[in-house]
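This report refers to the structure that appears directly beneath it.
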Amino acid sequence: MYLRQSFQMSENIFQQITDLRKSGNLDEAWNLGCPAVQENPNDQYLKGAFFWICYVYLKKIQADITSRSDSGNGDITPRDAELERINFYVDWIIWLQIPPGGYEYRSLLLTFQKNLEFIPKLITLLVRHSGNLFEDEDKKPFINDKGESPSLMLKFARKAAKAWLSDQGAREVSIEELQSLFQMTRSNALDKKNLHWLNYDEAKCLTVAKRFDDAKKCALAVLREKQTESWAWAALANTYRSDDIEAAITLFSKALSCAQNDVFALPILKGFAPLLANSGMPLQASACVDRAVACYVENGWKIKSDLEKMLNEPWYDCTATPALLQQLIVTKADAALDFLYGGTMFCVGVIQNIHKSGKGFHAYIDRTESVSVRLGLYDSNKPPNVGDFIQLTLARDDHSVLAAIPTDQVSLSDVKWLKGVLLENERGLCFVDDVFVPPDLARENLRGQQVKTLALMSYDNRKNRYSWKAAKVDLA
């Protein structure tokens with residue numbers, strides 16, 4: 001009889017709390033539910049009803065933040081008083097220990113998705129309940145007229161990384177837990193264009209956690225896709241700060257050489273200056289500081305405290321000249337490629353064909369090797385043409401192309417130019433002397449004419465041997 005009465009009382013309180021909340025009497029619902037849920041900590045119905053009271057309070061706080069942001073400068077950061085109130089209700093939610101798998105945690109995190117990175121306690125909930133939060137739609141990137149935007153899953157993972165890097169409170173989550181979220185996102189998110197940012201975030205987090213070898217692997221994965229981006233080189237540079245200062249200087253120099261303007265270079269300059277100062281190069285360090293200060297002044301920005309602190313460091317010298325820093329960059333930057341693929345090698349090749357997409361070409365080196373070259377790696381004011389000779393910088397470990405520039409024609413054993421008459425045999429095949437001319441090059445207006453031919457030694461699968469094959473044919 002007692003158990004039945006107790007259940008009925010619990011059921012009545014749960015219903016009363018729910019009715020009060022739905023009718024808008026939130027404070028009354030709180031006053032009834034707060035003692036009840038503490039007296040009955042194992043009652044899942046009461047806990048669920050009390051969760052939704054906390055949720056509505058939190059939603060009201062977020063609505064105030066959003067309203068202020070919309071009418072102001074767009075800043076969605078909670079103020080101190082707002083964050084204190086948010087933490088109060090989130091602490092209650094954590095105490096409730098609502099089982100995962102329902103809509104509770106998902107609803108809460110979706111409400112704060114715009115400013116999640118500023119609320120460490122919510123980041124903890126996100127990471128620890130991530131396995132039950134995301135639906136199939138959350139894993140798909142957003143596609144619109146401007147292209148692909150990150151999926152909700154990727155956005156949440158990146159916000160978790162940002163919070164972990166900037167707020168000590170978020171580090172209640174271990175680096176291993178954070179990595180599990182990253183790995184789950186890589187395995188499940190359907191993003192194609194933006195997943196490299198996750199490697200970038202993970203590299204920075206691992207660097208802060210002093211897991212430098214793992215951080216290097218993540219930074220290299222990004223850099224091999226983004227070799228022209230200053231931030232990618234800086235991410236790798238930071239992984240060397242504690243164990244190889246010379247390598248860090250080389251990589252920061254490369255990062256600055258890639259920065260398109262000083263707005264993008266600001267984080268690099270701020271990170272590079274103390275490294276140079278501690279390495280016995282105070283003038284170059286001072287030039288970094290001056291360059292950063294000039295960027296703030298030119299853009300009308302208030303100089304930040306970290307930069308003001310450097311201006312007051314004993315090593316800072318206001319007489320330093322920009323040329324000193326530039327000389328260091330020019331001297332060091334070229335060696336950075338050695339860190340990317342375990343060393344580099346140089347060779348000369350000839351452009352064999354242009355990709356149909358127009359975004360690159362194939363370069364022929366010899367009968368055993370030709371390589372694909374992205375147009376972005378080709379340093380020339382003129383478009384590539386079949387038959388042009390180029391100097392290639394290759395990674396020593398896998399021969400991937402790091403750079404390509406035009407060069408003068410040289411003698412290559414498996415490449416030759418020849419003049420002769422383009423003739424068609426009885427089988428309809430065309431040749432210039434002993435050089436086979438493919439049908440797409442053996443145009444009607446060239447047949448029977450004196451032509452100049454670029455020939456490459458190529459493997460003939462039908463004859464199971466190497467033979468000469470034309471790559472380019474023009475009237476002589």
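The chain is numbered in sequence order, starting from 1. The figures that follow rest on heavy atoms only: side chains count, while hydrogens, waters and symmetry mates do not.
- Rounded to the nearest 0.5 Å, atoms CD1 (I354) and NZ (K356) are 13.5 Å apart.
- Considering every non-hydrogen atom in both L46 and A36, the closest pair reads CD1-O, 3.8 Å.
- In this structure, the side chain of N238 engages the main chain of A234 through a donor-acceptor pair within 3.5 Å.
- The aromatic rings of W231 and H196 lie parallel to each other, their planes meeting at an angle below 30°, with 60° marking the opposite boundary.
- Within the 3.5 Å criterion, the main-chain N or O of D366 finds no donor-acceptor partner in the side chain of S370.
- In this structure, S71 contributes its side chain and R68 its backbone to a donor-acceptor pair below 3.5 Å.
- Results of the side chain to side chain contact (heavy atoms under 4.5 Å, CB included) test with F156 over V127, L126, I123 single out L126 as the only residue that passes.
- The local environment of CD in E176 is crowded, with over 12 non-hydrogen atoms from other residues, nucleotides or ligands closer than 6.0 Å.
- We find that E104 and K47 are not joined by a salt bridge, their nearest charged nitrogen and carboxylate oxygen being 4.0 Å or further apart.
- In this structure, the side chain of S187 engages the main chain of Q183 through a donor-acceptor pair within 3.5 Å.
- The one candidate from D317, L276, L328, T321 that meets the side chain to side chain contact (heavy atoms under 4.5 Å, CB included) condition with L283 is D317.
- Although no hydrogens or angles enter the test, the distance criterion places no donor-acceptor pair under 3.5 Å between the side chain of R367 and the main chain of D414.
- Under a 4.0 Å N-O distance rule, the pair K192/E148 does not qualify as a salt bridge.
- Salt bridge annotation for R79-D64: absent, with no cationic side-chain nitrogen under 4.0 angstrom from a carboxylate oxygen.
- Between K162 and D201 there is no salt bridge, since no side-chain nitrogen of the basic residue lies less than 4.0 Å from a carboxylate oxygen of the acidic one.
- Counting non-hydrogen atoms of neighbouring residues, nucleotides and ligands closer than 6.0 angstrom, the NZ atom of K217 reaches no more than 12 such neighbours.
- In summary, the side chains of R374 and Q227 do not present any donor paired with an acceptor at a separation below 3.5 Å, with no hydrogens or angles considered.
- Atom CG of N194 sits in a crowded spot, with more than 12 heavy atoms from other residues, nucleotides or ligands closer than 6.0 Å.
- Remark: the backbone N or O of P274 is paired with a side-chain donor or acceptor of N278 at under 3.5 angstrom.
- In this structure, the side chain of N299 engages the main chain of C295 through a donor-acceptor pair within 3.5 Å.
- The closest side-chain heavy-atom distance from D43 to I13 is not below 4.5 Å.
- By the neighbour-count criterion of 12 heavy atoms within 6.0 Å, atom CD of Q327 is sparsely surrounded, having that number or fewer from other residues, nucleotides or ligands.
- L223 places a side-chain heavy atom less than 4.5 Å from the side chain of L340.
- Side-chain atoms of S380 come within 3.5 Å of backbone N or O of K382 as a donor-acceptor pair.
- Side chains of F346 and L392 form no contact here, defined as non-hydrogen atoms less than 4.5 Å apart.
- Note that the OG atom of S257 and the CD1 atom of I329 stand 7.0 Å from one another [nearest 0.5 Å].
- Note on R106 versus D138: salt bridge recorded, some NZ/NE/NH1/NH2 to OD/OE distance being below 4.0 Å.
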Could you check F112 against F118 for ring pair (Phe, Tyr, Trp, His ring centres under 6.0 Å), going step by step and ending with a plain yes or no? CA-CA 10 Å; F112 285 92; F118 303 112; over 10 Å; no
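- When every heavy atom of A29 is checked against every heavy atom of R21, the shortest pair comes out as CB-N, 4.0 Å.
- Partners of D388 under the side-chain hydrogen bond (donor to acceptor under 3.5 Å, both in side chains) rule, at least two apart in sequence or in another chain, do not exist in this structure.
- Ring pair Y55/F51 is parallel by interplanar angle, where below 30° counts as parallel and above 60° as perpendicular.
- The distance between the ring centers of Y89 and W92 does not fall below 6.0 angstrom.
- The existence of a salt bridge linking E82 and R85 is excluded, since no basic side-chain nitrogen approaches an acidic carboxylate oxygen closer than 4.0 Å.
- Here the side chains of T393 and V401 are not in contact, with every heavy-atom distance at 4.5 Å or above.
- Inter-residue side-chain proximity for V37 and W95 is flagged as met; some heavy-atom pair is nearer than 4.5 Å.
- Taking SG of C347 as the start and CE of M345 as the end, the distance is 5.5 Å to the nearest 0.5 Å.
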Show your working on side chain to side chain donor-acceptor pair (under 3.5 Å) between N115 and Q62 and close with a plain yes or no. CA-CA 9 Å; N115 52 2; Q62 180 71 329; 3.0 Å; yes
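- Evaluation of the side chain to side chain contact (heavy atoms under 4.5 Å, CB included) rule for K114 yields I76 as partners, not counting sequence neighbours.
- A side-chain donor-acceptor contact under 3.5 Å links D27 and Y57.
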Checking side chain to side chain contact (heavy atoms under 4.5 Å, CB included) for the pair S253/F272: CA distance, chi angles, key distance, verdict? CA-CA 9 Å; S253 297; F272 200 13; 3.8 Å; yes
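- Between the side chain of D191 and the backbone N or O of K193 there is no donor-acceptor pair closer than 3.5 Å.
- A salt bridge does not link R158 with E202: every distance from a Lys NZ or Arg NE/NH1/NH2 to an Asp or Glu carboxylate oxygen is 4.0 Å or more.
- A donor-acceptor pair under 3.5 Å links the side-chain atoms of Q38 to the main chain of C34, judged by distance alone.
- The side-chain tip of K304 does not point at the ring of Y296 from less than 6.0 angstrom away and within 45° of straight on.
- Counting non-hydrogen atoms of neighbouring residues, nucleotides and ligands closer than 6.0 angstrom, the CD atom of Q409 exceeds 12 such neighbours.
- The neighbour count for D243 CG, taken as heavy atoms of other residues, nucleotides or ligands under 6.0 Å away, is above 12.
- Taking CE of M281 as the start and CG of L325 as the end, the distance is 10.0 Å to the nearest 0.5 Å.
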Would you sort out whether S372 and H362 count as a side chain to side chain contact (heavy atoms under 4.5 Å, CB included), showing the intermediate values? CA-CA 5 Å; S372 180; H362 261 78; 3.9 Å; yes
Evaluate F361 against H355 for ring pair (Phe, Tyr, Trp, His ring centres under 6.0 Å), listing each step before the verdict. CA-CA 5 Å; F361 55 87; H355 296 165; 7.2 Å; no
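- Within 6.0 Å of CZ on F212 lie more than 12 heavy atoms contributed by other residues, nucleotides or ligands.
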